[in-house]
Structure formats: structure tokens, C-alpha cells
Amino acid sequence: MIEDLVITNSSMPNIDLHSHSTISDGMLSPSQLLAHAASRGVNILALTDHDDIAGLREARHCALQENIRLINGVEISVTWNNRTLHIIGLDIDPEHPPLIDGLKKIRDGRINRARAIATQLDKYGILGSFEGACAQASASRLIGRTHFARFLVSQGHAKDVRSVFKKFLVKGKPGYVSHVWASLREAIDWIRGSGGQAVIAHPARYKLGNHLLEQLLCEFCELGGAGIEVVSSSHTPEQTRQFAQLASRMNLYASCGSDYHGPGESYFDLGRLPALPPECTPIWTAWDIPDIRESPIQ
Ligand code: AMP
Ligand code: MN
Ligand code: MN
Ligand code: MN
């Protein structure tokens, strides 16, 4: 994980472009998230819930009160080459019908996957997990593995969410079900069609190896992808340097995000991100934000 040493200079805008609320699998409501961001000194925040944009309206309302610049975002689940990738959409239009319809289809698919996860856990002797996970997801329209994880922890099957994932919810474990999400092309089309930029979330997490990573970046660029997350709570300092070089070599924008899910469940709190390496072109230089456009901030 990133060392907490290089903290954003307090005189510079504090930017975090990856965060979750109870609309997906975060622990804070959109209003609570914005209030927390303000308390952590964040000036520009993207709310990027998994496969849903229903939190943006409440977040915007609260952002105005907290004097935070809210970037409309989403984190779309994608299947590429038999793997799951996450593609972040930034500065999207939440009223764009193909984006709204596409995300609804993904959420519907999640319900089927959740039933399949519950069936497998039944066989393993853990009963009632579909209802249990739904109860954990009561603030959202979306059901995901994190809701199963919280249910399993509440039932005493592991001490915390992180260990419950390892024991039950990752490939090869009893509660893992493979699933086909949106295609890379669809996700990028929905994001671009709505006027936003597509960004590959936490690229180091996919452990692609050089060859597949090169293939992904080439396809991503051809399809109109705009950037990659260079600074992420999933990245080591070495990986941050590696992806900074890749981004500049491929002419991709660089993004930074904590992937904050809430107190106790995140590696990184809001407002504590290291600076983007100097060779990066920050994604926000593509936006019309006059006070930060000119300066290579962070
Ligand atoms: P899903 O999209 O339903 O498959 O769930 C993916 C989410 O589960 C991620 O966004 C994380 O919030 C969480 N997650 C995935 N892997 C882990 C892990 N090893 N430990 C803790 N949380 C995880
Ligand atoms: Mn998540
Ligand atoms: Mn993700
Ligand atoms: Mn995320």
C-alpha cells in the first residue's frame, strides 16, 4: 500500500476521484461521505459507486453546502479476457439514457449472481445468505460481494471483511461465482456518450503481466479510453511509478483515487493521497475548472 509520507501540499487543491457510498458498497451515505470529505480537507471529489449513479443528486446537494467540487462518477464492472476489470467514468452526464440502461442491466445481473452465491453457500452449510446480504444492502439498489462479506462477518464466519473475502468470496472459494459483466467497449461507449472520460481503475490489482497489460492499454486507447489510475490505495509506490510511466508513454491521462469505502474498511482515508508523479498529465486538465487547470497540482 502507498506510504502515508507524501501528503498533498495543503496549499494545493486536494483531489480524490474514486469513492463509494451506501448506493453501492460504501458505508457512508452520499451526504455523510461529502461531510467526511470536507472534514478531511478534500476540495474536489468524484463519487464513483459501482454500477449506479443514484447517489449523485444527494451528493451534489451536499457538495454545494460543503463547498466541494463534485465530479459525477461511476465505477463500471467489465469483463475483459475472462477477467473482471473496473472502469471509472468521470465527469459523466447522469441523465444519459444508454448509461442509465446499461447500469440497470448490470445491477439486474448482480441479483442473479447473488442468488448463485447464496446457493453455493447453502451447499457449504451457510443458510440465508441471500436475505442476509440483501439486508446489508438495504440502502442500495445493488447487491455485491461486500454485502455478503458483511453478512458473513455478522454471523461470525470471519473476523472482518478482508478475511472473509479470502476465506469465502475470491476465486476458488465456496462463495465465488464467475460472472459476465459489461464489455469494455460498452462501458467506454456509455461513458464517452455521456460526455465523460473512461479511466482504468487500480490497474495493478489485475496482475495482468506485461503482455496482457500492453494488450489492454492498446484496446482501451483504440476504444476511446482516456486515462488510468496512477495513484490508488491499491498501488505500492513502485506500482505508482510504473503506471505513471505507462500513462505518459501511452498518452493517457493520470487519475488519483483512494477507493474509499468507509471507516475501518479502507486502506486509505479521504484526503490523504500522495501527489501524482511529475511526468503525469492529470485527468482534471481535461475539465473546465479554471482555478486548477493551469497548474500541475498535487
Ligand atoms: P463485486 O463487484 O460485487 O464483485 O465486489 C467487488 C468489491 O468487493 C470491491 O469493490 C471491493 O469493495 C470488495 N473487495 C473485493 N476484493 C476484496 C478483498 N480481497 N478484500 C476486501 N474487499 C474486497
Ligand atoms: Mn467496492
Ligand atoms: Mn474497483
Ligand atoms: Mn472502487
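Note that the structure is predicted; figures quoted are calculated from it, not measured. Each ligand, and each atom within it, is numbered from 1 in the order the structure gives.
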S.K.: Among residues at least two apart in sequence or on other chains, which ones pass side chain to side chain donor-acceptor pair (under 3.5 Å) with Ser248?
M.R.: none
S.K.: Is any protein N, O or S atom closer than 2.8 Å to the Mn ion (ligand 3), and if so, which?
M.R.: Glu75 OE2, His86 ND1, His202 NE2
S.K.: Can you name the N, O or S atom of Asp25 that is closest to the Mn ion (ligand 2)?
M.R.: OD2
S.K.: Can you list everything that forms a ring-ring contact (aromatic ring centres under 6.0 Å, His included) with His36? Sequence neighbours excluded, please.
M.R.: Tyr260
S.K.: How far apart are the closest heavy atoms of Ile106 and Ser77, and which atoms are they?
M.R.: CD1-O, 3.9 Å
S.K.: Before accepting this row, confirm whether a basic side-chain N of the pair Glu214/Arg249 lies closer than 4.0 Å to the acidic partner's carboxylate O.
M.R.: yes
S.K.: Report the residues that fulfil side-chain contact (heavy atoms from CB on, under 4.5 Å) with Pro97, sequence neighbours left out, ordered by chain and then residue number.
M.R.: none
S.K.: Would you please say whether a donor-acceptor pair under 3.5 Å links the side chains of Ser21 and Asp49?
M.R.: yes
